Amino acid sequence: MKRILITGGAGFIGSHTADALLKKGYEVRILDLLDPQIHGTTSEFPTYLDPTIECIRGDVRVLSDVVQALDGVDAVYHFAALTGVGQSMYDIRDYVQTNSDGTATLLEAIVKQKRSVKRLILASSRAVYGEGSHECSAHGEVTPAPRKRSDLAKGAFGVFCPQCGAEMSAVPTREERSLSPASIYALTKQHQEDYCRYAAETFDLPVTVLRYFNVYGSRQSLNNPYTGVVSIFYNRIMADKAVSLYEHGLPIRDFVHVNDVVQANLRALETDTGQFGCFNVGTGKRTTIIDIVEALAQAVGRHAQTEDRGEFRVGDIHACYADLARIHAVLGYKPQTPLRDGMVEFSGWARKQASTDQYEKTVDELRQFGLFGRADDKQP
């Protein structure tokens, strides 16, 4: 394989992957729409992109754009997607068209143009699992159902055993577990996986699916309030504003630095994982929202103000972190960036960037559509 196409390659994960591919001697082509929510109003590709990268401004939903980008390509990373879980709950059409229809367009272009793509690597998400795997002390491991809004409104933020009602503990989530997407974004990521599985089985297109957990690091958008809590918390801390601790700050996630994600991306390209393989990409470690606030505050050398008003968002999960046994065994992947080191890298880059605190905007939109709540026992 020589020439690699990255859809959405001007963005966060795509641009870091492009850098790594160039260092290994690959030729890189990018197809990117330059979405204003991510890149602002500029019509120019970001200056952090290596000048040897071939950049095509185009839309993954437009067949002619995709056909042009595929010309002479040996492998494809498909990163082009909208990524905000909360925003997806009301901007339904945009998310379905970009994520689901965009993937269908890419696959149709590969099939109809008879492109000899040797591997397609899909950026999926831990969101396809919905709530992560949990274990009841009496009934063992359970795949939980989505939490009820009535429970959240009472301040019952945990996950409870469907058999005995006891609160359960989070355990690592394995790839073979059943999927239970809890947002439109998550549904579109499942659509992407399903379409790619179909193409792999029907047209012998080799596909590797990487389910990213909570990715953070330099080049993460500081102006898009829908792409993750690290940027949101950074902007609040630097503006000396309080960080709101949803669900008392106790939700558990798996935060993985972009350098480790790039490691997985390259290993997926250079490893024969068969016709269709699916892998978690995370650290395998439990990190709470409070842990993130503290690590960020330490990295920037500031005190973080916090406020706990028992707030929650409909569609959020309580806990999910990765089981890495499969990706370690097949791809040889090992995460190498500790949380504190990763936060230092992110904050060192972020200090040199312009950013805007738009947290209140997201809360107003969630509230407008009935997706933001506060537990009864925390009502003023």
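Note that the structure is predicted; figures quoted are calculated from it, not measured.
With hydrogens and angles ignored, the 3.5 Å screen pairs a side-chain donor or acceptor of Arg326 with a backbone N or O of Cys278. Looking only at distances, a side-chain donor or acceptor of Ser231 sits under 3.5 Å from a matching main-chain atom of Ser221. The closest donor-acceptor contact from the side chain of Arg29 to the backbone of Ala69 lies under 3.5 Å. In this structure, the side chain of Gln263 does not engage the main chain of Tyr333 through any donor-acceptor pair within 3.5 Å. At least one donor-acceptor pair under 3.5 Å links the side chain of Arg177 to the backbone N or O of Tyr129. Distance alone, capped at 3.5 Å, places no donor-acceptor pair between the Asn214 side chain and the Tyr216 backbone. Looking only at distances, a side-chain donor or acceptor of Arg147 sits under 3.5 Å from a matching main-chain atom of Asp316. Using modelled atom types, no side-chain atom of Asp59 and backbone atom of Leu33 make a donor-acceptor pair closer than 3.5 Å. In this structure a side-chain-to-backbone donor-acceptor pair under 3.5 Å is missing from Thr288 to Pro251.
Between Phe369 and Tyr90, the ring center distance clears the sub-6.0 Å criterion.
Applying the 6.0 Å contact sphere to OH of Tyr26 captures more than 12 heavy atoms from other residues, nucleotides or ligands. Heavy-atom neighbours of Lys148 NZ from other residues, nucleotides or ligands within 6.0 Å: at or below the threshold of 12. Atom NZ of Lys361 sits in a crowded spot, with more than 12 heavy atoms from other residues, nucleotides or ligands closer than 6.0 Å. More than 12 heavy-atom neighbours from other residues, nucleotides or ligands sit within 6.0 angstrom of CD on Glu176.
Between Phe372 and Tyr246, the two ring planes are perpendicular [angle over 60°; tilted spans 30° to 60°]. Note on ring orientation: taking the six-membered ring where Trp is involved, the planes of Tyr195 and His191 are parallel (angle under 30°, cut-offs 30° and 60°). Below 30°, between 30° and 60°, or above 60°: for His318 and His134 the angle between ring planes is between 30° and 60°, a tilted geometry.
Ionic pairing of Glu294 and Arg340 is not present here: no N-O contact between side-chain nitrogen and carboxylate oxygen is shorter than 4.0 angstrom. Asp19 has a carboxylate O that lies under 4.0 Å from a charged side-chain N of Arg219, or vice versa, which qualifies the two as a salt bridge.
In this structure, Met238 CE and Leu296 CG are separated by 10.0 Å, a value rounded to the nearest 0.5 Å.
By the side-chain contact (heavy atoms from CB on, under 4.5 Å) test, Leu266 pairs with Thr17, Ala20, Leu21, Lys24, Tyr77, Val262, sequence neighbours left out. In terms of the side-chain contact (heavy atoms from CB on, under 4.5 Å) criterion, residue partners of Thr337 (sequence neighbours excluded) are, by chain and number, His257, Asn259, Asp260, Asp341.
Pairs passing the side chain to side chain donor-acceptor pair (under 3.5 Å) check and including a residue from residues 181-190, sequence neighbours excluded, read Asn99-Thr188, Lys189-Gln192.
With hydrogens and angles left out, the side-chain atoms of Glu131 and Ser180 include no donor and acceptor closer than 3.5 Å.
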